[in-house]
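Worksheet for the structure shown next.
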Amino acid sequence: MPSCFLFYFFIGVAYSQVTSRMPALKELAHVDEAGLGLALSSLGAGSLLGFATIPFLLKHISSRTMLRSATVANVALLFGIPLVFNLESLCVTFAFLGLAFAYFEVAMNTQIINLELKSGGQYMLRMHAGFNVGALTGSLSGSAFAFYSIGVGANLLAVGLFFCIPLILGSLFLLEDVTPEGMDKKKGMGKIPLAVIFCGIFALCAYTIEGAVAEWGSLVMIQEKNASESLAALVYGSFSFVTALTRFGADKLRSMIGDFRLILFGALTAFLGMSIVIFTSSPYLTLFAYGLCGVGLAPVVPVILSKVGHRNDIHPAAATTVVSLFGYSGVLVVPPSLGLLANQYGLINAMFLPLGLIFVVVMSSFVIRKMKG
């Protein structure tokens, strides 16, 4: 179990290190905002390509081998990112980074499902908390590197070297794939059950709400709530912090009240939070409301991944691939579309879209109650 947490912590640190040093990377590659947007699109495209090719890879390698390979690729890319020198090199590097992230995520989720199947316990939520803790750690350390004017090359090199030995040791304790009881051992995607597709759409809603908070939360604070820039900068950090705290304790709560009640009460809490964001004029109450969204949404995606991973009609890695593919597709499409809605109807009115998606999560929880897995 500690090795699973370590890998999730690592990828959280790596991802937030890259995002926190984005201004330095923009300057290093000599690109403008449009160029940076294209590079970020390349990151998303690389991720989608990764998810699309995973079913083929599952026929030949285990999640343990995939995770080890993806970890090596992510560390190597941390070392290589500072070598970018123009738009093309930045886009290509980010595309490979997205590819490595996709392989890493699916393999890591499969490892956690292996742990749950082997032990009979529930660990998905607290393992995902490792990513949140890593993201916070990476964001704070990246800010410190930038504050002391340490170059992005030295920054990412230090992070990569710091994790090398722990990751090598942790890879020794990764699990072989465990087949759910009653499932055919044949790997690959095969026929995708309708319930798994539904869970993918469910995850799409949850992922895109988080994306809306990350990409638009600080802007809502400044433009609609008259918050200071320093207060607005706390939005995603506070969201991630309460998400991590909630996930650490939610596995035990899940075993007590079940998946249906956990997701339902969480979604209702998030609905209350987003409603406050829309209707209050206080920046401090808005910040608190974003925290409520973090608490409410924290269990949704990990529970969905755990649930589809325990099915006996599809391989766990294939099931988590479908969920991740839907989720990331939504992140690429929905949060950017809020900009179009904001231009047409105003930014605060555009927030009715994530509120509507939360309502979909509330309604979907009733389907989860009847779903096997």
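Just so you know, residue 1 is the first one in the sequence shown, and it goes up from there. Only heavy atoms go into these numbers, but all of them, side chains included; no hydrogens, no water, no symmetry mates.
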Worksheet item: Has the side chain of Thr208 got a donor or acceptor atom that lies under 3.5 Å from a matching backbone atom of Gly211?
Response: no
Worksheet entry | Backbone N/O of Leu175 and side chain of Lys118: donor-acceptor pair under 3.5 Å | no
Response to the item:
Rounded to the nearest 0.5 Å, the CD atom of Gln17 sits from the CZ atom of Phe145 at a distance of 6.0 Å
Practice prompt. Mark yes or no for whether Asp177, through its side chain, and Ser63, through its backbone, hold a donor-acceptor pair below 3.5 Å.
Written response: yes
Worksheet item: Does Thr243 offer a backbone N or O that forms a donor-acceptor pair with the side chain of Asn132 under 3.5 Å?
Response: no
Discussion item. Looking at Lys225 and Ala232, would you say the former's side chain and the latter's main chain have a donor-acceptor pair under 3.5 Å?
Written reply: no
Worksheet entry | Over 12 non-hydrogen atoms of neighbours within 6.0 angstrom of CZ in Phe241 | no
Discussion item. Can you confirm whether Phe359 is buried at CZ, in the sense that more than 12 heavy atoms of other residues, nucleotides or ligands lie under 6.0 Å from that atom?
Written reply: no
Practice prompt. For Met256, look at atom CE and say whether over 12 heavy atoms of other residues, nucleotides or ligands are found less than 6.0 Å away.
Written response: no
Discussion item. I'd like to know if the side chain of Ser89 and the backbone of Asn86 have a donor-acceptor N/O pair within less than 3.5 Å.
Written reply: yes
Item to complete: State whether the side chain of Thr286 and the backbone N or O of Ser282 hold a donor-acceptor pair below 3.5 Å, judged by distance alone.
Response: yes
Worksheet item: Does the pair Ser306 and Gln122 meet the rule for a side chain to side chain donor-acceptor pair (under 3.5 Å), with working shown?
Response: CA-CA 8 Å; Ser306 177; Gln122 294 177 335; over 6 Å; no
Worksheet item: Can you check whether Ala317's main-chain N or O pairs, donor with acceptor, with Thr320's side chain at less than 3.5 Å?
Response: yes
Worksheet entry | ring-ring contact (aromatic ring centres under 6.0 Å, His included) between Phe131 and Phe9, worked out | CA-CA 5 Å; Phe131 176 86; Phe9 177 75; over 10 Å; no
Discussion item. Donor-acceptor check, side chain of Arg254 to backbone of Leu262, threshold 3.5 angstrom: yes or no?
Written reply: no
Item to complete: Begin with the C-alpha distance, continue with both residues' side-chain angles, and end with the deciding distance and a verdict on ring-ring contact (aromatic ring centres under 6.0 Å, His included) for Tyr290 and Phe239.
Response: CA-CA 6 Å; Tyr290 277 127; Phe239 179 91; 7.7 Å; no
Worksheet item: How long is the span from the CD atom in Glu210 to the OG atom in Ser240, to the nearest 0.5 Å?
Response: 6.5 Å
Fill in: Co-membership, hydrophobic cluster, residues Met22 and Leu156, 4.5 Å side-chain
yes
Item to complete: Calculate, to the nearest 0.5 Å, the distance between atoms CG and CZ belonging to Leu338 and Phe352 respectively.
Response: 13.0 Å
Worksheet item: Hey, is CZ on Phe326 packed in by over 12 heavy atoms from elsewhere, all under 6.0 Å?
Response: yes
